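For reference, the structure is listed below as C-alpha cells.
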Amino acid sequence: MSNPANPAENALPKGYEPADVEARWGKHWEDSKTFSPDPAEVLTGGKQPYSIVIPPPNVTGALHMGHALNITLQDILCRFMRQQGKSVLWVPGTDHAGIATQNVVERQLKKEGKKRDDLGREKFIERVWEWKKEYGDRILHQIRRLGASVDWTAERFTLDEGLSRAVREVFVRLFHEGLIYKGNYIVNWCNRCHTALADDEVEHAPRKGKLYQIRYPLSDGSGDLVVATTRPETMLGDVAVAVHPEDERYTFAIGKMVTLPLVGTQIPVIADAYVDREFGTGALKITPAHDMNDWALARTHNLPVIAVIDDKGLMNENAPAAYQGLTKNACRDKVVEDLEALGLMVGIADHDHSVGECYRCKSVIEPHVSEQWFVKVAPLAKAAREAVPSQTRIVPAQWEKTYYEWLDNIRDWCISRQIWWGHRIPAWTCEACGELIVQTEDPTSCTKCGGSLTQEDDVLDTWFSSALWPFSTLGWPADTDKLKAYYPTSVLVTGFDILFFWVARMMMMGIHFQEQVPFHHVYIHALVRDEQGKKMSKSTGNVIDPLEMIGKYGTDSLRFTLTAFAAMGRDIKLSEKRIEGYRHFVNKIWNSARFALMNMPEGGGAPKAELSDATGLANRWILHRLEEVKDEVESATLEYRFNDIAQSLYRFIWNEFCDWYLEMAKGDLYGADEGLKDATRKVLLTVLSETLVLLHPVMPFVTQEIWSVLPGIKDRELALQPYPERRPQFKSADIARDMAFFQGVVGSVRTIRTELCIDPAKKLPLIIDTTSGGDNALRVLAENVYLIQQLARIESADIGPGKTGPRASGTAVVEGSRIFVPLKGIVDFGAELTRLDKELGKLDKQLAALKGKLSAPGFAGNAPAEIVAAEQAKLAGLEDAKAKMAELHERLKSALDEG
RNA sequence: GGGCGGAUAGCUCAGCUGGAAGAGCAUCGGCCUUACAAGCCGGAGGUCACAGGUUCGAGCCCUGUUCCGCCUACCA
C-alpha cells in the first residue's frame, strides 16, 4: 500500500493520535503569541474589535465539564471571528474566590494542627498566596488542554495589583457618591465560616424540623395566645407577638401585653397584615435579631432588637442566665424541656421546611445583626435593567425575564466579609476622633486630627471584584489602549447559575463606571449534568472529568460533543459514550484527508487545474453543497446555534463528502484522463481545505494538523486563515436535483440487492426506462453511467426512453424512471414480489393521506397557490409511481405464474 | 406561593417564521470493496404526554390537565 514515490501518501499516520498533536500545537500557539492582538489594529488599523473576558474560574477549582463547555463555546466564537477579520481579544484569568480559597488553606492548616489565628492575618495571607502560587495555575493549565485561543499575555487574577487598584477606585467612588454605606443590619451569618454572606450565597435545602406551639399568657390574665415557631430557642429574644389586624380570634388582644415565658418580660401584641392567618395558630412571635422577617417587622413597628445568640452560635448574656453559653441547639432542647415543665408547650408536630445553608460549608445560616458594609443597589439596578435588551441582548431571550425579576426584587448588597483572603476594605477609622477615612491610597494619619488610624478588618465579597472584570482586566482605572479598543466586550458566555451573582453585577458596575454596558450580548448556555440529569459532584461520584476524556478520546472529540449538545435548554446530559462516538468522526476526517493526500499529484505539488475546469456531477455537486455549508456555518455561529454548526459540518463531511463525493471521485482519480484527474484533485483539495477552515473553530487540533501537510498551502497557521471566500456561481438547484435523482437510482439498486440477499460482489445488469424523466433524466444517467456501475456494482447498463427489462426483474421507480435489475436465475422471485407488495403499501398510505389533504374542504381555496401546486405535483408523482409499481408487480406475478 | 424549562424512534435529543416527522447511538441483515471494521451497504422502528380550540392544514400557535426537572420566595 505504501508508495515511496509519493511522499504525501506517507505524510499522515494511519490513525489520528491526538495526544502528540495537541501538545505540539498548543505549545506553538502560546509560544508564537498567535492570539495576542495589538489594540492598534483597532484604534488606527481599522479592524473591528471582538472581545470576550473569560468567566474567571476559582483558583481552587479543577476543570470540570461546565468549564469545558463554556470555554469551547467561547473558543468557537473567537476563532470564527478571527476568520472574519476581527481583532480578537480573549482575556483569561482566575478568581481569588475569597471564602472558598480561605477554607482550602484553613483545612490544610488544620492538618498541621493549626488555626488561622495561630498565624495571624499577615502570615495567613502569605500562606494563601503560597498556596495560590503552587496550585492556582493548575486550572489555567487545564484550560490550555482545551485548546482555548486566549491571549495568555493578558492573563489576570482578581487579586492582582491592577485589579486591586480598580477595586479600591470603585469602592472609594461609590462611597463618596453615597452608594456604599456602613450600617447595622441583619445578615446571613455562617457560624462556621464566621462571616456574613450575601443573600445569594445562601442555599436553601429542605430539612425535617418541628413546629412548636407555645402558649404566651396575656399579662392582664384575660387569656393567652399560642404562637407557632420552628426555633423555640429564639423566643428568648422575642420582643412582640404579631397577629393579623382582621383576625377576629385575636382582635381582643391587640395592644395588650403578654408575658414572655422563661424570660418574664412584658412584650406587646401588635397587628400586621404580614401575618398569615392560615398558618400555625395565626399568631407570630417576633424575634428581630434572629429572623429576617421579624427584623423587617420590628423596623416598621419600632421594636427593640435583642440578640440572644452570638456570632459563634452560642447563647449570649441577653439570654436568661440558665441558658447562657449553651449552643443554640442545646438551648433549644432546654427551652422545650422547660416549657413542657411549665405546661406551656401546647404541641410539637413534624414540619418540613427549607433552611438556609452556607454555600461553602453547608452549615445552617443564622440570621445575625451586625455592622456591615452595603452597596445601595437600587439606582445601579435600575440602569442595569433598562439596558436590556436595547444595549445588551440576552440569548436566549427567555432569560431576560429572570434577569428582570432579580433586579426588581434586589435588596442592598452586603459586601463585607469577615475573612482575611480578599480585598481589604479601604476605610480607616481615627482612634482619636473617630473620623472615617475612605480613599484609594493608604493614609498615614487622620486627615482631620492627625491621630493614628485603624483599617477595617473586613474584606470585600469576591463578587465585588468579579463585577469589575470586564473593564478591570483591560487596565482600568488607567485609560489604556486596550480599554479603548476592546470595551465594551462583544459577548459574555456563561451558565445561568451565575446570571445573578455575576452578570447583573457586572452590568451595574460597567454601566456606572464606563457609561457603557460591559457586553453587547450575554449568551447563556446549559449546565452539564450526568446521564441521569443529575448535577455532577464529587460526592455522588458521577463526575465525568474532561481531562480524562481528553486523554482517552482527544480534545477535538470532547469539543465536538459539547458543541453538538449545546442547544439543550437547561442542561446537557452527557455520557462518555457520546464522546467516544464523536471520536469516530474525528477519525473519519483524518482518514478522508489521508485519502485526499494519497491522491494528490506525485511529488507533493498542488493540482494545477482551476475550479472552473471541474466538470462532472460529483465535482459540481460537492462545490454546490460547500457553498451552502459556508452559509449555514456562518449564520449558525452568528446566532449562537452551536449545535447547528456541528450538525451541518457532520452531515456534510461524513454523509456527503465521504459517503458520496469521495466514492464518486475515485472514478476520475483512478482514471486515465489526466485533465479530469487534475480538475478533480483541485476540487478535492479545495473542498477539504475549506472544510478544515470551517471546522477549525470547533476542532482546532485535528484540522490544524491536517492543514499543515496539505500541498500548496502558503500559510501554515490555520487559525489565522480567513473564512473561505464565497463562490456563488457554484450554487445550483439543478445540480442538487440531478444528484438527488442519481442517488435515488443508486439507492434503489442497492436496496434490491440487499433485500433480495444478492451477493454484494455479484455484478448485475441494469435497465432504466427514462420515458417520464425526459431528456434530463437520460442525460444525467448517461453521463454518469460509469459511476452507477461503480457505486451499485453494475456490469452493464442499458438506459433510454421506452426500455423495458424482463418480467423477471427486481424493479423500482425513481422520479418516474423505471429501474429494472434482471434477475433470472439469480434469486427467488417470491422475495421480490413481497418486497414490491411492501413498497406498494407504502405508496398507498402516502397517496391516501395526500388525497385527503387535497380534497379537504377549503384547501384549494385557502392555501397559497404555490402550496397547492406543490401538493398537486407531489400527488401526480406518487400516482405515476404507484401505477408503474403496480404494473411491474403484475408483470413479475405473471412471470412467476408461468413459472 | 410565584416563575421557567421539558414531555417526539429502545436511548440521547434536533425540528429556525405552521405545509404530510429527522439525526446519532442501540438494534437486525449483508460485506475484511485498494482512506477509514473507529469502516461500508441496506432494513426495521414514532396516534410528536393528554383533552379541547384557532386554521384549508398543528410536533410547532392558544386554553386547560397530568407527570418530570430547575430557579425563586418572608408560611413563622
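First the proteins, then the strands, lettered A, B, ... as listed; each starts at 1. What you see is a predicted model, and the numbers here were worked out from it, not measured in a lab.
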Side chain of [X]: nearest nucleotide among [options]?
X: Lys573(A); options: U12(B), G19(B), C75(B); value: U12(B)
X: Ala228(A); options: A35(B), G24(B), A76(B); value: A76(B)
X: Arg583(A); options: A35(B), A38(B), A76(B); value: A38(B)
X: Phe279(A); options: A76(B), A35(B), C74(B); value: A76(B)
X: Leu662(A); options: A35(B), A38(B), U12(B); value: A35(B)
X: Glu871(A); options: G19(B), A76(B), C70(B); value: G19(B)

What nucleic acid atoms does [X] come within less than 4.0 Å of, heavy atoms only: base, sugar-phosphate, or nothing?
X: Cys757(A); value: nothing
X: Trp654(A); value: sugar-phosphate
X: Leu297(A); value: nothing
X: Ser592(A); value: base
X: Glu580(A); value: nothing
X: Lys666(A); value: base
X: Tyr274(A); value: base
X: Lys763(A); value: nothing

*Would you verify whether the NZ or CZ of Arg385(A) falls within 45 degrees of the ring axis of Tyr404(A) while also being under 6.0 Å from that six-membered ring's centre?*
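Output yes; distance and angle both within limits.
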
*Among His584(A), Arg583(A), Glu576(A), side chain to side chain donor-acceptor pair (under 3.5 Å) partner for Tyr553(A)*: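 Passing option: Glu576(A).
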
_Within the 4.5 Å heavy-atom criterion, are Leu303(A) and Trp295(A) side-chain neighbours or not?_
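Answer no - side chains too far apart.
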
_Contact check, side chains of Val702(A) and Phe560(A), non-hydrogen atoms, under 4.5 Å_ =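 A side-chain contact is absent here, since even the closest heavy-atom pair is not under 4.5 Å.
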
*Hey, what do you get for OH (Tyr786(A)) to CG (Asp668(A)), rounding to the nearest 0.5 Å?*
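Reported to 0.5 Å precision, the distance equals 4.5 Å.
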
_Distance (rounded to the nearest 0.5 Å) between Phe657(A) CZ and Asn655(A) CG_ =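 Spacing of CZ (Phe657(A)) from CG (Asn655(A)) equals 13.0 Å.
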
*Taking only residues two or more places apart in sequence, or in another chain, which ones meet Arg231(A) in a salt bridge (charged side-chain N to carboxylate O under 4.0 Å, His left out)?*
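With neighbours one apart ignored, the set is Glu233(A), Glu366(A).
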
With respect to the phosphate group of [N], does any side-chain polar atom (N or O) of [X] fall under 4.0 Å of OP1 or OP2?
X: His584(A); N: G39(B); result: yes
X: Lys401(A); N: C4(B); result: yes
X: Lys588(A); N: A38(B); result: no

What protein N or O atoms touch nucleotides 52-60 of chain B N or O atoms at under 3.5 angstrom, if any, and at what distances?
unit_1: C56(B); atom_1: OP1; unit_2: Asn862(A); atom_2: ND2; d: 3.3
unit_1: C56(B); atom_1: O4'; unit_2: Gly858(A); atom_2: O; d: 3.4
unit_1: C56(B); atom_1: O4'; unit_2: Asn862(A); atom_2: ND2; d: 3.2

*Tell me the side chain to side chain donor-acceptor pair (under 3.5 Å) pairs involving residues 842-865 of chain A, sequence neighbours left out?*
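Found Asp844(A)-Lys882(A).
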
Between [N] ([atom2]) and [X] ([atom1]): distance, integer Å:
X: Asn643(A); N: G24(B); atom1: CG; atom2: C1'; result: 13 Å
X: Ile706(A); N: C36(B); atom1: CD1; atom2: P; result: 15 Å
X: Asn599(A); N: C36(B); atom1: CG; atom2: C1'; result: 14 Å

_At under 4.0 Å between heavy atoms, how does the protein contact nucleotides 41-46 of chain B? Give one character per nucleotide, 5' to 3', with B, S or -._
SSSS--

*Got a donor-acceptor pair under 3.5 Å from the side chain of Glu663(A) to the base of A35(B)?*
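Indeed there is one.
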
*Enumerate, in order of first residue number, the stems that involve RNA chain B, defined as 3 or more consecutive Watson-Crick or G-U wobble pairs with both distances under 3.5 Å.*
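If one scans RNA chain B for consecutive Watson-Crick or G-U pairs, the stems found are B:1-7 with B:66-72, B:10-13 with B:22-25, B:27-31 with B:39-43, B:49-53 with B:61-65.
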
*Can you tell me which residue pairs pass the salt bridge (Lys or Arg N to Asp or Glu O under 4.0 Å) test with a partner in residues 645-663 of chain A, sequence neighbours excluded?*
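Non-adjacent pairs meeting salt bridge (Lys or Arg N to Asp or Glu O under 4.0 Å): Arg625(A)-Glu656(A), Glu663(A)-Lys666(A).
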
*Thinking salt bridges, do Arg835(A) and Glu832(A) make one under a 4.0 Å N-O criterion?*
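Looking at Glu832(A) together with Arg835(A), the answer is yes, because their closest N to O distance falls below 4.0 Å.
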
*Given the rule in the salt bridge (charged side-chain N to carboxylate O under 4.0 Å, His left out) test, do Glu871(A) and Lys874(A) qualify, once you have shown the distances and angles that lead to the verdict?*
CA-CA 5 Å; Glu871(A) 297 294 324; Lys874(A) 212 186 289 176; 3.6 Å; yes

